[in-house]
Amino acid sequence: MAQKFMTYEQQLHKLQADKGLNIPDSDFARKMLEEISYYYL
């Protein structure tokens with residue numbers, strides 16, 4: 001089954017809410033998601 005599309009903001013929220021990840025710099029985190037991809041984390 002294909003993965004549901006999520007914006008970068010949705011991906012950051014999911015990492016914080018579901019995985020308990022502390023993200024102090026959301027701008028940097030978004031740039032990293034653009035380069036790395038959420039699904040490779």
Side-chain angles (χ1 to χ4, degrees):
M1 186 164 125
Q3 298 289 336
K4 180 181 173 187
F5 174 81
M6 289 190 291
T7 66
Y8 292 121
E9 288 77 18
Q10 290 171 324
Q11 293 173 30
L12 288 173
H13 177 73
K14 184 170 180 69
L15 288 169
Q16 291 174 311
D18 295 355
K19 307 295 183 184
L21 189 65
N22 180 23
I23 302 174
D25 187 346
S26 60
D27 291 332
F28 178 75
R30 180 186 169 142
K31 288 177 186 174
M32 290 298 100
L33 283 174
E34 290 174 6
E35 291 182 22
I36 297 172
S37 173
Y38 171 85
Y39 296 101
Y40 288 116
L41 298 178

Under 3.5 Å, which donor-acceptor pairs link side chains of residues 18-31 to any protein atom two or more places apart or in another chain?
unit_1, atom_1, unit_2, atom_2, d
D18, OD2, K14, NZ, 2.8
D25, OD1, D27, N, 3.3
D25, OD1, F28, N, 3.2
R30, NE, E34, OE2, 3.1
R30, NH1, E9, OE2, 2.4

Can you tell me how far apart CZ (F5) and CD (Q11) are? Round to the nearest 0.5 Å. 7.5 Å
Euclidean distance, L12 CG relative to T7 OG1, rounded to 0.5 Å: 8.5 Å
